[in-house]
Amino acid sequence: MYWGFPYSFFLLAGVIPLILALHSLRPRGNRIRSTALFLLERVLKERPLGSRLSWLFRKNLLLLLQILAACLLVAALADPFLLFLHAADGDRVVVFDLSASMKAGDRSGTRVENGRTELISLIDGLPSGQRMMIIGAGATAQILSPLTADKRKLRDVARSLRPTDAPAQVKEAILLAYSFLRTNSGDQVTAISDGAFAGVEELPWGSAQLRLIAVGGGRDNTAIVGFEARRLGTARFEIFVGVQNFTEREIATHLTLWMGENVWVKEQLHLSPRERKTLVYPYEGPLKKTARALLDVDDDFATDNRAFLAFSESARINLLYVGKGNPFLQHLLDAFPQVDVTSVEQLPPEPFTAPNQDYDLVVFDGVQTPPLVDGNFVLINTIGSGLPFKAEGKVARPLGAPLLAGHPLTKGMRVDSLYIKEAIALTYVGASTILLGSKQTPLIVALESQRVKALVIAFDLAGSDLPYKIAFPILFDNFLQWVHPQRPEFPTVQVAAGSPYRIEVKGDERRVEVTGPQGQRTVLAADANPLLFTDTLDTGFYNYNAGAREGQFGVNLFDEAESDIRPRVTAQSTAQMHTESASKDLGKHEGHLWSYLLAVVLVLL
């Protein structure tokens, strides 16, 4: 029994003396002694003690009833109540951990298998009329089943749960689950997890509204935590491999590296407890398309024992096209897979510095240019403001002279009988180099200064047959090599599992097809550039086709927090968690007794 206002009992210290005082003041009759009374008093004295007490009780019955009534009234003021425990009738929101570490396991089974068993047990024990929601905590939190009392549907969802190879936002999923709890209800969030996720220590596990069902299955892991290549020079590279021992014991294992399909390195490793090593291997020669790493260790988590690299020798080139549109140029640029094109019709007249705008190359096609201060430029049927060129009018049908040999821009080119309807009459080109000229005017000019590299084509492409000659793509390829000759320092193409991969889309490409490591195919509409591919939840190589172009990239876990599969919170068996959480699963009901006490007082009075 519990008391709402136990201090009310202090009133008895004043009430009982008051009743006794009032009882002593009641009027009494005159006592007259007679001979018979002497005999009666002698008999009463000789009676047993119990009979005398009974007589006293009958004589003071009214006083005793008044004291009893006063005690009951004071007890009613103290608000006595009984606390009844019963099964909570609120909804249950289950957050199921789908992170990569849930794939860890030992002989007792994997963590995700144990978690599914726990979830199905919760579903089977769901009281009639109670509802459950299931939220999958993967790379993003996703509601897999809305609130429902249909146990069959809930079991189907439970059996379909599969972990990914990516870290999961379990903490964020639990916070999302809290938003579905009703105020002043028995609703509860239940997280089924291995407790090995970031932010687990920050959650209020002592709250009656949050319960953790910790699932076990292996604790030992040794992982590849990094895999990268760095260019040192022409056909010279360094390959970096990071490995880490997450156990408390020494590990001996083998590391194998493949370059393409051939084994390149096989080395035995010894790792102290919790030790991390970065291994560096020199490599000479052309890179293959792919490289792989394998850690041959028998641990409880196999996902991070493998790593994948795809190589790309082509650095991305950000090109800005300024003009009304040119189909010849558009088709040509689409043929360069490393070129990303942005198009505008005009630039403001302020001085223009291409690097400040994050453009590697700017093409002006038949439009007036702003003052060109710094950068790489192609000027078609226009001359650049701020450059050492002067022009006066037009020249009709100029006859081209032989190309200048020996220049990087004319390497591999031949131009015979070039037809040009009309060209700008350049009267001054400063220190520029005339690559192709005529008797009347220079036709193609190269400018190289400390801050500017420019290719000037002094005629309209649509008014000539240059786009129909093989020299046209050669000229632009030579120019790209001239202004952007460097190869990327890190020529690898990879993303972390769960992160989006950017696929550059060309103008005439309408769809992109991506094939994952398990053979799964995804077709995306090319409605944005770059196109973000987000389904990178499996580690391995991904291949994509965009029209005639093909590409490849690798996906790896490379998350030390996820590879450390030890629980961040105290690991307890499911049976212990059920025992400790039993009081959390019970609802409480108070039964107040003051009304019954008042009824007894009324009967006494």
- Is it true that a side-chain atom of T410 and a backbone atom of M413 form a donor plus acceptor pair closer than 3.5 Å? no

- Query: Partners of R511 by side chain to side chain donor-acceptor pair (under 3.5 Å), sequence neighbours excluded?
  - Reply: none

- Message: Can a donor-acceptor pair be found, under 3.5 Å and without considering hydrogens, that links the side chain of N245 to the backbone of S272?
- Response: yes

- Query: Does atom CZ of R274 have more than 12 heavy-atom neighbours, drawn from other residues, nucleotides or ligands, at distances under 6.0 Å?
  - Reply: yes

- For A104, the side chain to side chain contact (heavy atoms under 4.5 Å, CB included) test, sequence neighbours excluded, returns R111, F301, I565

- Query: Would L255 and V241 count as a side chain to side chain contact (heavy atoms under 4.5 Å, CB included) if you check the C-alpha gap in whole Å, the side-chain angles of each, and the deciding distance to 0.1 Å?
  - Reply: CA-CA 9 Å; L255 175 66; V241 183; 4.0 Å; yes

- Message: Parallel, tilted or perpendicular: which one describes the rings of F237 and Y283, with boundaries at 30° and 60°?
- Response: tilted

- Query: Are the aromatic rings of F328 and F472 close, with centres under 6.0 Å apart?
  - Reply: no

- Query: Can you find a side-chain donor-acceptor pair between D374 and T353 that sits under 3.5 Å?
  - Reply: no

- Message: We want to know whether N556 and Q494 form a side-chain donor-acceptor pair, criterion being a heavy-atom distance below 3.5 angstrom.
- Response: yes

- Task: Please confirm whether the backbone N or O of T539 pairs with a side-chain atom of D165, one donor and one acceptor, at under 3.5 Å?
- Result: yes

- Message: Using the side chain to side chain contact (heavy atoms under 4.5 Å, CB included) criterion, which residues pair with S343? Sequence neighbours excluded.
- Response: Y321, V341

- Message: Donor-acceptor pair, distance only, cut-off 3.5 Å: does the side chain of E562 make one with the backbone of S101?
- Response: yes

- Item | Residues F364, L372; criterion side chain to side chain contact (heavy atoms under 4.5 Å, CB included); working and verdict | CA-CA 11 Å; F364 293 94; L372 305 179; 3.8 Å; yes

- Query: Hey, is NZ on K390 packed in by over 12 heavy atoms from elsewhere, all under 6.0 Å?
  - Reply: no

- Distance-only, no hydrogens or angles: does the T536 side chain make a donor-acceptor pair with backbone N or O of A497 under 3.5 Å? no

- Task: Measure from the side-chain N and O atoms of Q520 to the backbone N and O of Q518, and report whether any donor-acceptor pair falls under 3.5 Å.
- Result: yes

- Determine whether more than 12 heavy atoms belonging to other residues, nucleotides or ligands lie under 6.0 Å from atom CD of Q368. no

- Minimal heavy-atom distance between G412 and I474, with the atoms involved, is O-CD1, 3.5 Å

- Check: F553 ring centre within less than 6.0 Å of Y542 ring centre: yes

- Got Y359 and T342 here, is their nearest side-chain heavy-atom distance under 4.5 Å? yes

- Item | Cationic N near anionic O, under 4.0 Å, R306 to D304 | no

- Query: Any idea which heavy atoms bring I224 and A307 closest together, and the distance?
  - Reply: CG2-CB, 3.9 Å

- Query: Without hydrogens or angle criteria, can the side chains of N305 and D299 be said to hold a donor-acceptor pair below 3.5 Å?
  - Reply: yes

- Provide the closest heavy-atom pair for A496 versus V555 in the form atom of the first, atom of the second, distance. C-CG1, 4.3 Å

- Closest non-hydrogen atom pair, T382 against V367: OG1-O, 3.0 Å

- Answer yes or no: does atom NZ of K277 have more than 12 heavy-atom neighbours from other residues, nucleotides or ligands under 6.0 Å? yes

- Taking every heavy atom of F240 against every heavy atom of E238, the minimum-distance pair comes out as CZ-OE1, 3.4 Å

- Query: Residues in salt bridge (Lys or Arg N to Asp or Glu O under 4.0 Å) with R566, at least two apart?
  - Reply: E248, D564

- Message: Around atom CD of E392, are there more than 12 heavy atoms from other residues, nucleotides or ligands closer than 6.0 Å?
- Response: no

- Message: Check whether K394 reaches the backbone of A425 with its side chain - one donor and one acceptor, N or O, closer than 3.5 Å.
- Response: no

- Qualifying side chain to side chain donor-acceptor pair (under 3.5 Å) pairs with a residue from residues 420-433, counting only residues at least two apart or across chains: none

- Tightest non-hydrogen contact, residues A141 and L176, listed as CB-CD2, 3.9 Å

- Item | Donor-acceptor side-chain pairing of Q330 and N326 below 3.5 angstrom | no

- Side-chain donor-acceptor contact under 3.5 Å, T290 with Q552: no

- Query: Do any N or O atoms from the side chain of S563 and from the backbone of D559 form a donor-acceptor pair under 3.5 angstrom?
  - Reply: yes

- Message: Is it the case that atom CG in L532 sees more than 12 heavy atoms from other parts of the structure closer than 6.0 Å?
- Response: yes

- Does a sphere of radius 6.0 Å around CD in E201 hold more than 12 heavy atoms from other residues, nucleotides or ligands, not counting ones at 6.0 Å or beyond? yes

- Query: Has the side chain of N478 got a donor or acceptor atom that lies under 3.5 Å from a matching backbone atom of L409?
  - Reply: yes

- Task: Classify the ring geometry between F308 and F541 as parallel (under 30°), tilted (30 to 60°) or perpendicular (over 60°).
- Result: perpendicular

- Contacts of I383 that satisfy side chain to side chain contact (heavy atoms under 4.5 Å, CB included) - sequence neighbours left out: F389, A391, L426

- Message: Regarding N221 and D300, do their side chains bring together a donor and an acceptor under 3.5 Å, going by distance alone?
- Response: no

- Message: Treating T492 as the side-chain partner and L309 as the backbone partner, does any N or O pair qualify as donor plus acceptor under 3.5 Å?
- Response: no

- Item | Sidechain N-carboxylate O distance under 4.0 Å for D527, R510 | no

- Task: Could you walk me through whether L466 and F459 pass the side chain to side chain contact (heavy atoms under 4.5 Å, CB included) test, one step at a time?
- Result: CA-CA 10 Å; L466 178 61; F459 51 88; 4.0 Å; yes

